[in-house]
Structures are given as structure tokens and as C-alpha cells.
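Keep in mind that this is a model prediction, so the values were computed, not measured. Here is how names work: the chains are called A, B, and so on, in the same order as the sequence lines, proteins then strands, and each is numbered from 1.
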Amino acid sequence: MNNIDPRTKLIQVLILSTLALIYNEITLLSIILIAAIMIALINNVNFISVIIRLNKLLKIIFLIALIQSLLTNMGNPIFKMGNFTLFTDYGILKSFEFILRMGIIIVSAAIITTSSSREIIQGLIQWNCPYEIAFMVSVAVRFLPIFKEEMTDIITAIQLRGIDLKKVKLSKKFQVYKYILTPITVNSIMKAKELAAAMEMRGFRAYSERTSYLVLKMQKFDYILLGLSISAALLFIIITRGAL
Amino acid sequence: MNNKIEINNISYEYPRGRKVFINFSLELNKGETTVITGKNGCGKTTLAKLIMGILKPSFGEIKLFGQSTKDMSLGAIGEIIGYVFQSPERQLFGTTVLEELTFPLLFKGYNREETMDRAEKMLEIFDLKKVRNSYPYFLSYGEKRCLAIASVLMVGPEYLILDEPTASLDKERIEALSQALENLKKRNIGMLIISHNKDFIERHKDRIINLEGGSYE
């Protein structure tokens, strides 16, 4: 079912992430996460690939949750070391909330990735988003992997000059960061200038009316899915309004 | 420690699944200049990246003078083998040409005076004196390539890998590069050169390897 319109996905993601931000209760956040997983499965999200790709980010999320739990003193102590309270019930609850909220956001992002960036941009254009803004978004998305590649190359080049970054002291590492960030920043500015010149030469916005080779059309299934998502969200808000 | 770079039965496939090397073996001797030729996409640059530890073989092992690349960091490999990328701008990170040359050595605590002397020699050899204070990005492509080669030579590697070193260089610069490489050879520094430039190959080759479909003649 990968031919779901990207606009349907965008609305679903908007609903899910808004709900994730307005609720604070673990039970409710768990329900939203389950709903997000179900929507992701309908959209053919490959969870194994998402977990592998976001391996580092997931570790950081768990680390933040752990730190948040350790730094929260409110609530009843669960684990103490001498006079120092390590974990409280409130702290653990808060870190679970954080993990669930991040889980919803990651699953939502995974839903979006099942459409190509070109389709998403076209969706925005057909929603009457100004073409210049949609184009800027598409350029940003297009150039992200290039910047990542350039950064990897610079880090590799620095190391290949005999600098072992793992052994460099933290104070000296900042000196190295300058050499990583400077070429990336300058190259970005130069690339932007070159791109602007190339666009001008190819007549960007020469005509006010713009046609597209790719035209998105909402299908019956998209409307059903949208209707179900919006009504389910409204029903959820009405039932749980006490928790807001 | 021996004097060889040994590539033992390595296999490597690109992320999208195309196999480029299957049980590939090769020995490169220190002090010898090996030239690699072959059609586009036959794996010349991939082989260089595998030797440098930038890419990891799925099977097999690469030993640099007796030490496996599996046990070496990129920094440790870079100290003994210099690698000039195919696209020079990808390996330039300094804010000026002079800084590009001197930064790695000064960072590692080398003597400032000696480092500056060495940098001055490189600027002279590669005709970069007049652009010594320019930002590397604004150099011409040929100048960038010369700067990339000079910065790699600054580290004083025992072996050198040059990926298309003559691309976009004018005759004078190719001659300067050739002389610099001949001087290195006199100091028993081995080289692996990936090139399509026939005259340059003829001048420097001790051995030619023609890569084709992940194997060679």
C-alpha cells in the first residue's frame, strides 16, 4: 500500500505528533504510539531498517531518559545509594513519558520517509504552498546527503594526515572541529551561489504558471484513511479531554 | 615488519550489492611504483580506499608492512601511507594554503621552524607560493590538486597512493609532479598510481596492473 498520497501521510503525522506533544500521561501516550505503529504498518514502514539506521539516536534517547530520571528528585525514592536518591517513581515515569513521546515522533518520521522527497514537495505545492518555499525544502533535502558525504570526507582526510581523532584530547578536538566546519560552511555558501546561477540560467520562475510532470491525485482510500484518522483523533481528544 | 603491502584474498561489494572484488590478492613492494589502469568503474579507487582502510573488505585481509589494517586507525594508516583523493577539494580543509600544509604537523607538536621550512619547499616545488595565503576553495582545480599532493607529502609517508594525479594539471605542473615523484622514489618511497595518462604511466611505472572485473593481468 505504498501508493498512499503523501498529503494523507503528512496529515496523519501532524495529528500524531500534535497528540504526542499535548498529552503527558503514559497510558495515553502508549495508545498514541500503538496507533502510530499501526499507521506505519499500513504505510509499509520497515521497522528493522529504521532501528538499524537510528541506532545511535535511540541510544542517545535512552541516555537522556536515564539522565532525566537520575536528576529528578520529586516523588517517592525507589533506589537509594547512601543518602543519595538515584531513582524516584516520578523520575522513572517522566523518562518513560519522554521515551514514548520520542517513539511517536520517530514512527511519524518513518511514515513520511515511505514517500520520496519529490512526492512530498509536490504534495506541498498542490496544497498551494508557494513554489519557492517548496523548492527550498526540496533543495535542502536533496543536499543533506551531500553535506554528510563531504563531512565524512573531511574527517577522513584529517585522519589520513596522521591525526588519530580518537586519541586527541577534548581541548584539542575543538581545534579540529574548526577544520571540519569551515570547509562545509564555505562550500555550502559557494554551492548555493552556483545553484542560484544555474537556476537563473535555466529560467527559474520565468513564467508565473508552472506545470508539473508529477501530479498527485487523492484516491478513495486516501479519503477513507484521512476521515478515519481525523475522526479517531477527535474522538480520542473528546474522551480524554480530562487529561489535557 | 616487512616491506610489502599485502592484499590477501579480499572480497568487497558495493552497498547496492555489486561485487567488485572476489578473492582478490596483490602485493605491492616498498620502493616500487605500481600503476593501476582500467576502465571506469572497474574498482581502481575502491582498491585504494580498501588499502587506506576507508572501506573495509567483507572478507580477507590487508597488511601494511606486516600490520593488518583491521588493527590500525585511519590516523595510524595516514602516518605511513599518503593518499591523494581523486577529487582534491574533498581533502582540503585549511583556511589558507600554508595552513593546509602545516596544520597536521603543528597539531601533532612538530617543530614550527622545521615545519615551515618543509612547507616552503612544497610551495616552491608545486608553484603555490603566490597563493600561499589564499583560501584553498578559490584555487584553480590544478592548484587544488597540487596542494592536495603537497599536503600529503608534508606528512612524510613511506608509501604513496595517487588517484588520477595528473587530471587537470598543465604540462609544467605534470613535470614538477613527475620530478617530485622521482625524488621520492630515490628515497625508496613506493607508489601506487591510478592513472590514464600514457606518458605519465610510461615515465613512472615499474609495474602496470590492468584491472578488469575485479581481477588483473
If one checks every heavy atom of B/M52 against chain A at 4.5 Å, the contacting part turns out to be both

Turns out that what part of B/S151 lies under 4.5 Å from chain A's heavy atoms comes down to both

Contacts of B/E120 meeting side chain to side chain donor-acceptor pair (under 3.5 Å) (sequence neighbours excluded), chain-then-number -> B/R132

Output for pair (B/L92 CG, A/D153 CG), nearest 0.5 Å, gives 11.5 Å

Rounded to the nearest 0.5 Å, the CD1 atom of B/I54 sits from the CG atom of A/L160 at a distance of 5.0 Å

Filtered by a 4.5 Å non-hydrogen cutoff, the part of residues 102-116 of chain B contacting chain A is B/F103, B/P104, B/F107, B/K108

Greatest number of non-hydrogen atom pairs under 4.5 angstrom with chain A, of B/E99, B/R90, B/Q91, B/E89, falls to B/R90

Looking only at A/E150, A/K178, A/K172, A/Q175, most heavy-atom pairs under 4.5 Å shared with chain B are made by A/K172

From the list A/T152, A/I184, A/I154, the residue making the most non-hydrogen contacts under 4.5 Å with chain B is A/I154

Around [X], counting heavy atoms of other residues, nucleotides and ligands shown, do more than 12 lie under 6.0 Å from its [atom1]?
| X | atom1 | result |
| --- | --- | --- |
| B/E13 | CD | yes |
| B/F59 | CZ | no |
| A/L63 | CG | yes |
| A/F62 | CZ | no |
| A/M151 | CE | no |
| A/R53 | CZ | no |
| B/K56 | NZ | yes |
| B/K121 | NZ | no |

Closest heavy-atom pair, B/T95 versus A/T182, reported as atoms and distance to 0.1 Å, is CG2-CG2, 3.7 Å

For B/Y137 and A/I189, what are the C-alpha separation, side-chain angles and deciding distance, and is it a side-chain contact (heavy atoms from CB on, under 4.5 Å)? CA-CA 11 Å; B/Y137 192 93; A/I189 296 166; over 6 Å; no

Applying a strict 4.5 Å limit to non-hydrogen atoms, the region of A/I158 in contact with chain B is both

